[in-house]
Amino acid sequence: MSHKEYIARRAAQALEDGNIVNLGIGIPTLVADYVPEGIEVFLHSENGILGIGPSPNPDQVDKHLVNAGKLPVTLENGASFFDSAYSFAMIRGGHVDVSILGVLQVDEQGRVANWAVPGKSVLGVGGAMDLLEGSRKIIVTTLHTTKEGQSKIVKDLQCPLTSERKVDLIVTELAVFEVDEQGLVLIETAPGITVDQVKKHTEATFRVSLKDLEHDRTVIE
């Protein structure tokens with residue numbers, strides 16, 4: 001399993017039965033393949049679909065059936081289609097329970113930058129601001145570092161801020177952080193990853209509250 005697939009699977013574990021879930025572009029689209037058995041969620045794409053299913057096999061691909069990232073999708077029974085105005089009305093009206101977003105950076109307050117890189121041309125902010133402001137819960141899925149090894153979880157954002165709204169959960173291939181009023185809280189490390197390794201690759205300051213299952217206690221630093 002690749003790092004991106006691991007992140008998507010872990011993010012999917014945070015979903016609850018009955019959730020309406022918007023999947024952003026990138027790693028979030030992979031979540032459709034890892035929805036846990038025993039729960040039913042309704043996957044939303046901002047280009048106008050509610051009821052997305054798992055990724056199609058090659059013989060299932062319909063070039064006219066794509067998500068917001070222009071990747072082919074399948075549909076669950078009862079799926080519906082609507083125009084962009086209705087799609088954003090759902091988001092802005094507070095009808096999306098969870099949005100799973102990719103990011104360029106997230107700061108130690110839990111705010112994200114995910115729509116523009118300084119010095120590069122931008123076509124527009126897209127739906128990122130709407131999703132952050134309109135969704136009840138926000139999950140970030142991202143690789144922990146850039147290709148150059150720089151932390152994507154930073155003290156201060158170098159890329160333009162998307163919204164003042166703080167996210168609720170950050171999932172990387174190394175760790176899972178919750179966000180509270182004081183900032184980031186490390187609640188889980190990936191298998192084989194230590195807290196020291198997470199600290200080494202994380203620029204942002206964070207607190208530690210790991211559940212020690214073997215001794216049934218919470219380790220707080």
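The shown structure was predicted, so the numbers you read here are calculated from the model rather than taken from an experiment.
A distance of 10.5 Å separates CG of Leu23 from CD of Glu46, quoted to the nearest 0.5 Å. In this structure, the separation between CG on Leu174 and NE2 on His201 is 6.5 Å, given to the nearest 0.5 Å. Annotation: the span from Ile138 atom CD1 to Leu169 atom CG amounts to 11.0 Å, rounded to 0.5 Å. Rounding to the nearest 0.5 angstrom, the gap separating the CG atom in Asn22 from the CE atom in Met90 is 9.0 Å. Put simply, NZ on Lys166 and CG on Leu184 are 9.5 Å apart, with the number rounded to the nearest 0.5 Å. Note: His144 NE2 to Gln197 CD = 11.0 Å, rounded to the nearest 0.5 Å.
Under the 4.5 Å side-chain heavy-atom criterion for ILVMFWY residues, a single connected hydrophobic cluster contains both Val35 and Val73. Residue Leu71 is not grouped with residue Leu65 when hydrophobic side chains (ILVMFWY) are merged at heavy-atom distances under 4.5 angstrom, including chains of intermediate members. Using a 4.5 Å cut-off between side-chain heavy atoms of Ile, Leu, Val, Met, Phe, Trp and Tyr, with links allowed through other members, Leu30 and Val41 fall into different hydrophobic clusters. A continuous path of Ile, Leu, Val, Met, Phe, Trp and Tyr side chains, each step under 4.5 Å between heavy atoms, connects Leu210 with Val198, placing both in one hydrophobic cluster. Cluster membership for Leu101 and Val179, using ILVMFWY side-chain heavy atoms within less than 4.5 angstrom, is shared.
Within the structure, side chain to side chain donor-acceptor pair (under 3.5 Å) contacts touching residues 87-103 (residues at least two apart or in different chains) are His44-Ser87, Arg92-Asp130, Asp97-Arg136, Ser99-Ser135. Screening residues 25-36 for side chain to side chain donor-acceptor pair (under 3.5 Å), with sequence neighbours left out, gives Asp33-Ser55. Among residue pairs with one or both ends in residues 152-197, those qualifying as ring pair (Phe, Tyr, Trp, His ring centres under 6.0 Å) are Phe177-Phe206; sequence neighbours excluded.
A donor-acceptor pair under 3.5 Å is formed between the side chain of Gln105 and the backbone N or O of Gln158. Checking side-chain atoms of Thr74 against main-chain N and O of Pro54 turns up a donor-acceptor pair under 3.5 Å. Put simply, the side chain of Asn114 never gets that close to the backbone of Thr162: no donor and acceptor are under 3.5 Å apart. Judged by distance alone, the side chain of Thr189 and the main-chain N or O of Ile193 form a donor-acceptor pair under 3.5 Å.
Within the 4.5 Å cutoff, side-chain heavy atoms of Leu143 are placed close to those of His3. Looking at heavy atoms from C-beta onward, Arg10 lies in side-chain contact with Glu188 at the 4.5 angstrom threshold. The shortest distance between side-chain heavy atoms of Tyr6 and Pro191 falls below 4.5 Å. Counting heavy atoms from C-beta on, the side chains of Val167 and Leu132 come closer than 4.5 Å. Between Thr142 and Ile27 the shortest side-chain heavy-atom distance does not fall below 4.5 Å. Counting only heavy atoms from C-beta outward, the side chains of Thr172 and Thr145 never approach each other to under 4.5 Å. Using a 4.5 Å heavy-atom threshold, the side chains of Val31 and Leu15 count as touching.
Leu161 belongs to a hydrophobic cluster whose other members, connected by ILVMFWY side-chain contacts under 4.5 Å either directly or through intermediates, are Val154, Leu157.
Residues satisfying the side-chain hydrogen bond (donor to acceptor under 3.5 Å, both in side chains) criterion with Asp180, sequence neighbours excluded, are Arg207. Partners of Glu203 under the salt bridge (Lys or Arg N to Asp or Glu O under 4.0 Å) rule, at least two apart in sequence or in another chain, do not exist in this structure. Qualifying side chain to side chain contact (heavy atoms under 4.5 Å, CB included) partners for Val106, counting only residues two or more places apart in sequence or in other chains: Val112, Ile153, Ile170. By the side-chain hydrogen bond (donor to acceptor under 3.5 Å, both in side chains) test, Thr146 pairs with Glu148, sequence neighbours left out. With sequence neighbours left out, Glu178 forms a salt bridge (Lys or Arg N to Asp or Glu O under 4.0 Å) with no residue at all. Taking the side-chain hydrogen bond (donor to acceptor under 3.5 Å, both in side chains) definition, one finds that Asn19 meets it with nothing, sequence neighbours left out. For Asp62, there are no salt bridge (Lys or Arg N to Asp or Glu O under 4.0 Å) partners two or more places apart in sequence or in a different chain. A search for salt bridge (Lys or Arg N to Asp or Glu O under 4.0 Å) contacts involving Arg111 returns Asp107, Glu164, not counting sequence neighbours.
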Could you walk me through whether Leu50 and Tyr86 pass side chain to side chain contact (heavy atoms under 4.5 Å, CB included), step by step?
CA-CA 11 Å; Leu50 183 64; Tyr86 274 103; over 6 Å; no

Under the side chain to side chain donor-acceptor pair (under 3.5 Å) criterion, do Asn47 and Ser45 qualify, and how do the steps go?
CA-CA 6 Å; Asn47 60 321; Ser45 183; 2.5 Å; yes

Verdict with supporting geometry, Thr205 and Lys155, side chain to side chain contact (heavy atoms under 4.5 Å, CB included):
CA-CA 7 Å; Thr205 300; Lys155 287 186 174 295; 2.9 Å; yes

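Contact record, Pro160 with Ala113: O-CB, 3.2 Å, taken as the closest heavy-atom pair. Contact detail for Gly38 and Asp17: the closest heavy-atom pair is O-OD1, 4.5 Å. Looking at every heavy atom in both residues, Val171 comes nearest to Ile139 through CG2-CG2, 4.2 Å.
In this structure, Asp59 places its CG atom where more than 12 heavy-atom neighbours from other residues, nucleotides or ligands lie under 6.0 Å away. Around NZ of Lys4, the count of heavy atoms belonging to other residues, nucleotides or ligands within 6.0 Å does not exceed 12. Counted within 6.0 Å of CD on Gln13, heavy atoms from surrounding residues, nucleotides or ligands total more than 12; the atom is thus considered enclosed.
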